[in-house]
> 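Handing you this structure, nothing more for now.
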Amino acid sequence: MIHATARPTVLCFEHVSFVRDDRVILASLDWQVAADQRWLVLGANGSGKTTVVRIAAMYEHPSSGEVTVLGERLGRTDVRVLRRRIGYSSAAMTAQIRPELTCTEVVMTAKFAALEPWWHRYDDADRDRAVACLDRMRVSRFADRPLASLSSGEQQRVLLARTLMTEPGLLLLDEPSARLDLGGREQLVSALAELTTDRAAAPLVLVTHHLDEVPDGMTHVMMLRHGVVVATGPLDDTLRADTLSECFEMPLRLDRRDDGRWSAWAERAG
């Protein structure tokens, strides 16, 4: 049993596992995210990272265990309503957004956790809120432009703005820099840092397998390998060369620059 902490818990996994076609994708996992934390979920492809965040976003149900998000227990709540309180972005969800939508429409539809603006009614206050979110991510100048007309880095800033539309209680970002070039990645890291270093911002979970895209301000890390937790805890104590090497099953070196950014590389044989 997980013991309660003094800080409010926004996400709680208790003995959560996920099995598909007789394959264990996620082993029994106990995990808590507190209201003042920013978590990095790290691991190679196929390690279970995306499964963790999809369960947290209530797009997957665990095979066993209990999940509580923002005080609501999965299986005992209307997930369609609860998703409106979660800022969620993933490559799979992004692929479903029609590129002809304007940036304002892309952001605004998050109010109802929808993907198309014609499914619900929106008013001027909703549009103003969407533009304010775009402005926070420094892309409000594109408010009336189709999403497809923007660069990949600009599109990711719009999608980050979308996660902020409902003033969510939790942000879940699944590999947001996927398919970005170097310039786009750096723009994204800069935008992420504005959230991770803002104490007033919602708690955040960032899923990745690239340390060089991790912004400053992350507080905790969970490392997964083949669906099993390798290490978990405060980032400064837990993210080390030995735990990283175990996570990726190869000898790795690790460095942190003065600006808080990380780098990792394989040790040369011999």
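As a basis for the values below, the full set of heavy atoms in this structure was taken, side chains included, without hydrogen atoms, waters or symmetry mates.
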> side-chain contact (heavy atoms from CB on, under 4.5 Å), that's the test. Do T232 and T238 meet it? Break it down for me.
CA-CA 6 Å; T232 184; T238 310; 5.7 Å; no
> Please check if the side chain of S47 supplies one atom and the backbone of G227 the other of a donor-acceptor pair under 3.5 Å.
no
> If you measure from CG on L171 to OG1 on T163, what distance do you get to the nearest 0.5 Å?
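If we round to the nearest 0.5 Å, L171:CG and T163:OG1 are 5.0 Å apart.
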> Nearest 0.5 angstrom please: E14 CD to R73 CZ, how far?
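Nearest 0.5 Å value for the CD-CZ distance: 6.0 Å.
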> Roughly how far apart are L164 CG and C133 SG, rounded to 0.5 Å?
5.5 Å
> Between the side chains of R257 and D259, is the shortest nitrogen-to-carboxylate-oxygen separation below 4.0 Å, so that they form an ion pair?
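Salt bridge flag = yes for R257 with D259.
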> With no hydrogens and no angle check, do the side chains of T208 and E175 hold a donor and an acceptor under 3.5 Å apart?
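No, no side-chain donor-acceptor pair sits under 3.5 Å.
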> What pair of heavy atoms forms the shortest contact from M165 to A110, and how long is it?
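Heavy atoms only, the tightest pair is CB-CB, 3.8 Å.
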> If hydrophobic clusters are built from ILVMFWY residues whose side chains come within less than 4.5 Å, do V214 and L182 share one?
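Unlinked, V214 and L182 end up in two clusters.
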> Looking at R261 and E186, is there a salt bridge between them, counting it only when a charged N and a carboxylate O are closer than 4.0 Å?
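Salt bridge present between E186 and R261.
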> Would you indicate whether the side-chain heavy atoms of L188 and S177 approach each other to under 4.5 Å?
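S177 reaches L188 side chain to side chain.
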> Same hydrophobic cluster for F13 and V228, using side-chain heavy-atom links shorter than 4.5 Å among ILVMFWY?
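No, separate clusters.
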> Without swapping roles, check the side chain of R157 against the backbone of G153 for a donor-acceptor pair under 3.5 Å.
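No, because the side chain of R157 does not come within donor-acceptor range (under 3.5 Å) of the backbone of G153.
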> For H220 and Q32, which I'm curious about, is there any donor-acceptor pair between the side chains at under 3.5 Å?
no
> When you compare the side chain of L42 with that of L224, does any pair of heavy atoms fall below 4.5 Å?
no
> Check this for me: does any side-chain nitrogen of one of R129 and D124 sit under 4.0 Å from a carboxylate oxygen of the other?
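Salt bridge flag = no for D124 with R129.
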> Are D242 and R240 ion-paired here, with the side-chain N under 4.0 Å from a carboxylate O?
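Salt bridge: yes.
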> Give a yes or no answer on whether the side chain of T243 reaches the backbone of L239 with a donor-acceptor pair at less than 3.5 Å.
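Between the backbone of L239 and the side chain of T243 there is no qualifying donor-acceptor contact (under 3.5 Å).
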> May I have the step-by-step check of side-chain contact (heavy atoms from CB on, under 4.5 Å) for E246 and L244, ending in yes or no?
CA-CA 5 Å; E246 183 179 359; L244 190 67; over 6 Å; no
> So, D198 side chain and L195 main chain: donor-acceptor pair closer than 3.5 Å or not?
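Such a contact is absent between D198 side chain and L195 backbone.
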> Side chains of T50 and D174: donor-acceptor distance under 3.5 Å anywhere?
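The criterion, which ignores hydrogens and geometry beyond distance, is satisfied for D174 and T50.
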> Any side-chain heavy atom of L26 sitting closer than 4.5 Å to one from V16?
yes
> Go through the steps for S17 and S28 under the test side chain to side chain donor-acceptor pair (under 3.5 Å), then give the verdict.
CA-CA 5 Å; S17 68; S28 182; over 6 Å; no
> Give the intermediate values and the outcome of side-chain contact (heavy atoms from CB on, under 4.5 Å) for residues L211 and W265.
CA-CA 10 Å; L211 277 177; W265 63 96; over 6 Å; no
> Does the side chain of V158 reach to within under 4.5 Å of the side chain of V139, using non-hydrogen atoms?
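When only atoms from C-beta onward are counted, V139 and V158 do touch, with a gap below 4.5 Å.
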> With hydrophobic residues grouped by side-chain heavy-atom distances under 4.5 Å, do V189 and V207 end up in a single group?
no
> Would L115 end up clustered with L159 when hydrophobic side chains under 4.5 Å apart are linked, directly or stepwise?
yes
> Find out whether the Lys NZ or Arg CZ of R83 is both under 6.0 angstrom from the six-membered ring centre of F112 and within 45° of the ring's axis.
no
> Do you know which of M223, H209, R54 makes side-chain contact (heavy atoms from CB on, under 4.5 Å) with K49?
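By the side-chain contact (heavy atoms from CB on, under 4.5 Å) criterion, K49 pairs with just one of M223, H209, R54: H209.
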> Closer than 3.5 angstrom, by distance alone: can the side chain of S151 be matched with the main-chain N or O of E154 as a donor-acceptor pair?
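At least one qualifying donor-acceptor pair exists.
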> Is it the case that the side chain of T77 and the backbone of V79 share a donor-acceptor pair, with hydrogens and angles ignored and the cut-off at 3.5 Å?
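No, the answer is negative, given that no donor and acceptor are paired below the 3.5 Å cut-off.
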> Run the salt-bridge test on R20 and E60 with the 4.0 Å N-O cut-off and return the result as yes or no.
yes
> Is any side-chain heavy atom of L134 less than 4.5 Å from a side-chain heavy atom of V107?
yes
> Taking V131 as the starting point, is it possible to reach L160 by hopping between hydrophobic residues whose side chains are less than 4.5 Å apart?
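As far as the 4.5 Å side-chain criterion goes, V131 and L160 are not connected within one cluster.
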> Would you check if the side chain of Q155 reaches a backbone N or O of L150 as a donor-acceptor pair within less than 3.5 Å?
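Such a contact is found between Q155 side chain and L150 backbone.
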> Just so I know, are the side chains of S263 and L254 near enough to count as touching, which here means a heavy-atom distance under 4.5 Å?
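No - every pair of side-chain heavy atoms lies 4.5 Å or more apart.
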> Between Q37 and W39, do the side chains contain a donor N or O and an acceptor N or O under 3.5 Å apart?
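Result is yes, a qualifying pair exists.
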> Is the closest basic N to carboxylate O distance between E194 and R138 below 4.0 Å?
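A salt bridge links E194 with R138.
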> Count the heavy atoms of every other residue, nucleotide or ligand shown that sit under 6.0 Å from CZ of R98, and state whether that count exceeds 12.
yes
> Using the rule given for side-chain contact (heavy atoms from CB on, under 4.5 Å), can you reason through W262 versus D255, listing the C-alpha separation, both sets of side-chain angles and the distance that settles it, and then say yes or no?
CA-CA 6 Å; W262 297 85; D255 184 43; over 6 Å; no
